Amino acid sequence: MTYAARPTRSLPLWTAIGGLIAGTLDIAYAITYWGVTVGVPAQRILHSVASGLIGREAAMAGGAGTAALGLFLHYFIALVMAAVYAFAATRLAWMRRRPWLASTLYGLWLFVAMNFIVVPLSRAGSKGLPDDMLWIVLSIAVHVVFVAWPIAWAVQRAFADKGLSHAR
């Protein structure tokens with residue numbers, strides 16, 4: 001049975017904290033992975049994020065402003081991911097009782113959604129996954145451990161502040 005927990009005053013704050021942590025860990029992973037394995041500079045990684053909105057050619061031709069747009073978009077997406085999780089957790093008691101299971105499933109869903117829905121529908125021009133199997137395996141793990149788990153931890157903190165983390 002679900003229980004609509006009343007959002008606490010701290011839920012928006014903790015949701016934002018979770019989204020910011022997730023966004024930071026995720027972009028740090030992407031910049032580190034592509035920098036170490038192929039020598040791609042950080043600015044180019046941020047350009048690739050911006051390409052989802054402005055297209056690949058425009059993004060790759062851009063400079064620091066385009067990189068800043070990519071960073072903004074990256075954090076915006078992470079905050080939306082956190083808000084969706086928090087909203088669901090207010091409605092579904094099992095997510096508050098089993099946050100690690102809920103967030104693991106959410107992280108797997110985020111990987112699928114980003115790679116097979118969001119990116120293909122964006123202006124980035126990418127269709128599907130890259131051929132790099134290591135990137136795929138690590139990206140699945142990152143969506144769970146670096147994105148969904150910090151979001152769940154933060155949202156759970158908001159519910160724990162009001163004693164609602166295990167409410168039915």
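Model, not experiment: these values are computed from the prediction.
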So ring-ring contact (aromatic ring centres under 6.0 Å, His included) across residues 43-67, not counting sequence neighbours, yields none
Is atom CH2 of Trp100 surrounded by more than 12 heavy atoms (other residues, nucleotides or ligands) closer than 6.0 Å?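 Correct, the count exceeds 12.
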Exercise. Please indicate whether Arg44 has more than 12 foreign heavy atoms, meaning atoms of other residues, nucleotides or ligands, lying under 6.0 Å from its CZ.
Key: no
Using a 3.5 Å cut-off and no angle test, enumerate the donor-acceptor pairs between side-chain atoms of residues 140-149 and protein atoms at least two apart in sequence or in another chain.
unit_1, atom_1, unit_2, atom_2, d
His143, ND1, Ser139, O, 2.8
Trp149, NE1, Thr104, OG1, 2.9

Cluster overlap [X] with [Y], hydrophobic side-chain contacts below 4.5 Å:
X	Y	result
Trp14	Phe87	no
Phe111	Val137	yes
Val112	Val119	no
Leu138	Leu108	yes
Val118	Tyr106	yes

Going from [atom1] on [X] to [atom2] on [Y], what distance comes out if it is rounded to the nearest 0.5 angstrom?
X	Y	atom1	atom2	answer
Asp26	Met114	CG	CE	8.0 Å
Ile151	Met81	CD1	CE	7.0 Å
Gln156	Arg96	CD	CZ	8.5 Å

Return the set of residues passing side chain to side chain contact (heavy atoms under 4.5 Å, CB included) with [X] (not counting sequence neighbours), or none when no residue passes.
X	result
Leu101	Trp94, Arg98, Leu105
Val38	Trp34, Val40
Ile21	Ile17, Leu25, Pro150, Trp153

[X] and [Y]: which non-hydrogen atoms are nearest, and at how many Å?
X	Y	result
Thr32	Ala28	OG1-O, 2.7 Å
Ser122	Gly52	CB-O, 3.5 Å
Ala89	Met95	N-SD, 3.9 Å

*Determine, stepwise, if the pair Asn115 / Ile136 fulfils side-chain contact (heavy atoms from CB on, under 4.5 Å).*
CA-CA 10 Å; Asn115 287 281; Ile136 294 169; over 6 Å; no
Measure up the Trp135 and Tyr33 rings against each other and bin them: parallel (under 30°), tilted (30 to 60°), perpendicular (over 60°). tilted
Cut-off 3.5 Å, no hydrogens considered: what does the side-chain donor-acceptor table look like for residues 57-79, sequence neighbours left out?
unit_1, atom_1, unit_2, atom_2, d
His74, NE2, Gly23, O, 2.9
Tyr75, OH, Thr24, OG1, 2.7

Side-chain touch Thr15/Tyr85, heavy atoms, less than 4.5 angstrom: no
